[in-house]
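Presented below is the structure to which this report refers.
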Amino acid sequence: MARTIHEFRSPRRFVAGTVGEPGDRTFFLQVSQDLRVMSVELEKQQVLILADRLGYLLDEVGRRFGTSIPPETEEVADTAPLDNPVDAEFRVGSMGLGWDAEAASVVVELLAITEQPLDESVILDDTEEGPDTVRIFLTADAAREFSARSMRVVSAGRPLCPLCNQPLDPAGHICARSNGYKRDVEFSRSVDFIDPDVLASLGRIVPGFDAAFEIEEDPGETPDAVDPDTDDSGHDDDSGNDGSANDRDE
């Protein structure tokens, strides 16, 4: 099948956006020009890489060629969601970046994922053989705007744990740096659930892990052994100890 290259030389809009709730988001890039609207699906990490490399490319263009480049910014004018319906043309496998000196534009190429290894010579090229491609030409200002919005979209997901820097789930978070403690969740303290060997192993391999664990007795359970502080009749001895055990909260 012949390769299709979708080219947008004067896009009205080129943005990153998501569909879904934090923790279960699907990432898209969407470009629109006149009555054409096209979306492609990609990974969050790809959005982050593209935004970062765009900034690097602009800085290099300004340094090498003396081209007037707008400074990096965190301001985003276009905060609107993706245009509906969001139907992905394809899933992005590879990306390319270039600078068109004649048009004073950044060139962004998004290439469809392929089962076979990609020949990199097809990137930023009009060869007839290769994956379908979306090619966008952006002004330097539009490229800065894209990067700023993309960083905001990526960071708008689940908040990060201040200890392990991993995403926090609404239902709680198992943090490796706090001995696997999960907020608002209780684990059974039954003998059947707790394996002493597992606790001992964790104590050896996890720094700071407290392998001590005390089982709370069921108040309604009949003890198997006679309390040493009572005589055979079950009465308290002369020591004054009432025979009750003090609960310990680990």
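For the single chain, residues carry numbers from 1 onward in sequence order.
Under a 3.5 Å cut-off, the side chain of Arg135 and the backbone N or O of Leu110 do not form any donor-acceptor pair. In this structure, the side chain of Glu7 does not engage the main chain of Ile136 through any donor-acceptor pair within 3.5 Å. Between the side chain of Arg152 and the backbone N or O of Glu74 there is at least one donor-acceptor pair closer than 3.5 Å.
His6 places a side-chain heavy atom less than 4.5 Å from the side chain of Thr4. A 4.5 Å side-chain heavy-atom check between Leu50 and Leu48 finds every atom pair outside the cut-off. The shortest distance between side-chain heavy atoms of Phe146 and Leu54 falls below 4.5 Å. A 4.5 Å side-chain heavy-atom check between Glu145 and Phe14 finds every atom pair outside the cut-off. Two residues are said to be in side-chain contact when any heavy atoms from C-beta on lie closer than 4.5 Å; Val47 and Val153 fail this criterion.
Note on Val61 and Leu138: same hydrophobic cluster, where clusters join Ile, Leu, Val, Met, Phe, Trp and Tyr whose side-chain heavy atoms are under 4.5 Å apart, directly or indirectly. No continuous path of ILVMFWY side-chain contacts below 4.5 Å connects Phe28 to Val108, so the two sit in separate hydrophobic clusters. When hydrophobic clusters are built by joining Ile, Leu, Val, Met, Phe, Trp and Tyr residues whose side-chain heavy atoms come closer than 4.5 Å, directly or via intermediates, Ile123 is not grouped with Trp99. No path of Ile, Leu, Val, Met, Phe, Trp and Tyr side chains, each step under 4.5 Å between heavy atoms, connects Leu97 with Leu111, placing them in separate hydrophobic clusters. Residues Val15 and Phe27 do not share a hydrophobic cluster, clusters being chains of Ile/Leu/Val/Met/Phe/Trp/Tyr side chains in contact below 4.5 Å.
For the atom pair Ile49 CD1 and Lys44 NZ, the distance stands at 12.0 Å (nearest 0.5 Å). Asp119 CG to Glu129 CD: the interatomic distance, rounded to the nearest 0.5 Å, is 10.5 Å. Between the CG atom in Leu82 and the OG atom in Ser32 there is a gap of 10.5 Å [rounded to 0.5 Å]. To the nearest 0.5 Å, the span separating CD on Glu75 from CZ on Arg149 amounts to 15.5 Å. To the nearest 0.5 Å, atoms OG (Ser147) and CZ (Arg53) are separated by 11.5 Å. A distance of 13.5 Å separates CD1 of Ile113 from CG of Asp132, quoted to the nearest 0.5 Å.
Taking the ring centre of Phe8 as origin, the terminal cationic atom of Arg36 falls inside the region bounded by 6.0 Å and 45° from the ring axis.
Heavy atoms from other residues, nucleotides or ligands lying under 6.0 Å from CD of Glu60 number more than 12. Within a 6.0 Å sphere centred on CZ of Arg13, other residues, nucleotides and ligands contribute more than 12 heavy atoms.
Between Arg3 and Thr133, the side chains place a donor N or O and an acceptor N or O closer than 3.5 Å (distance only, hydrogens not considered). There is no side-chain donor-acceptor pair under 3.5 Å between Asp141 and Thr139.
Residues satisfying the side chain to side chain donor-acceptor pair (under 3.5 Å) criterion with Asp59, sequence neighbours excluded, are Arg144.
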Check: residues 83-96 side-chain donor-acceptor pairs under 3.5 Å, at least two apart:
residue	atom	partner	partner atom	Å
Arg91	NH1	Glu41	OE2	2.5
Arg91	NH2	Glu43	OE2	2.1

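Considering every non-hydrogen atom in both Ala143 and Leu58, the closest pair reads CB-CD1, 3.9 Å. For the pair Ala140 and Ile69, the tightest heavy-atom approach, listed with the atom from each and the gap, is CB-CD1, 4.1 Å.
Under 4.0 Å is where a charged nitrogen must lie from a carboxylate oxygen, and between Asp34 and Arg12 no such pair does.
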| Residue pair Gln30, Val37: steps toward the side chain to side chain contact (heavy atoms under 4.5 Å, CB included) verdict | CA-CA 7 Å; Gln30 187 177 80; Val37 178; 3.9 Å; yes
| task | Walk me through it: do Leu42 and Leu29 pass the test side chain to side chain contact (heavy atoms under 4.5 Å, CB included)? | result | CA-CA 8 Å; Leu42 73 173; Leu29 297 182; 3.7 Å; yes
| request: Would you please test Val134 and Met38 for side chain to side chain contact (heavy atoms under 4.5 Å, CB included) and show each step? | output: CA-CA 9 Å; Val134 175; Met38 185 169 292; 3.6 Å; yes
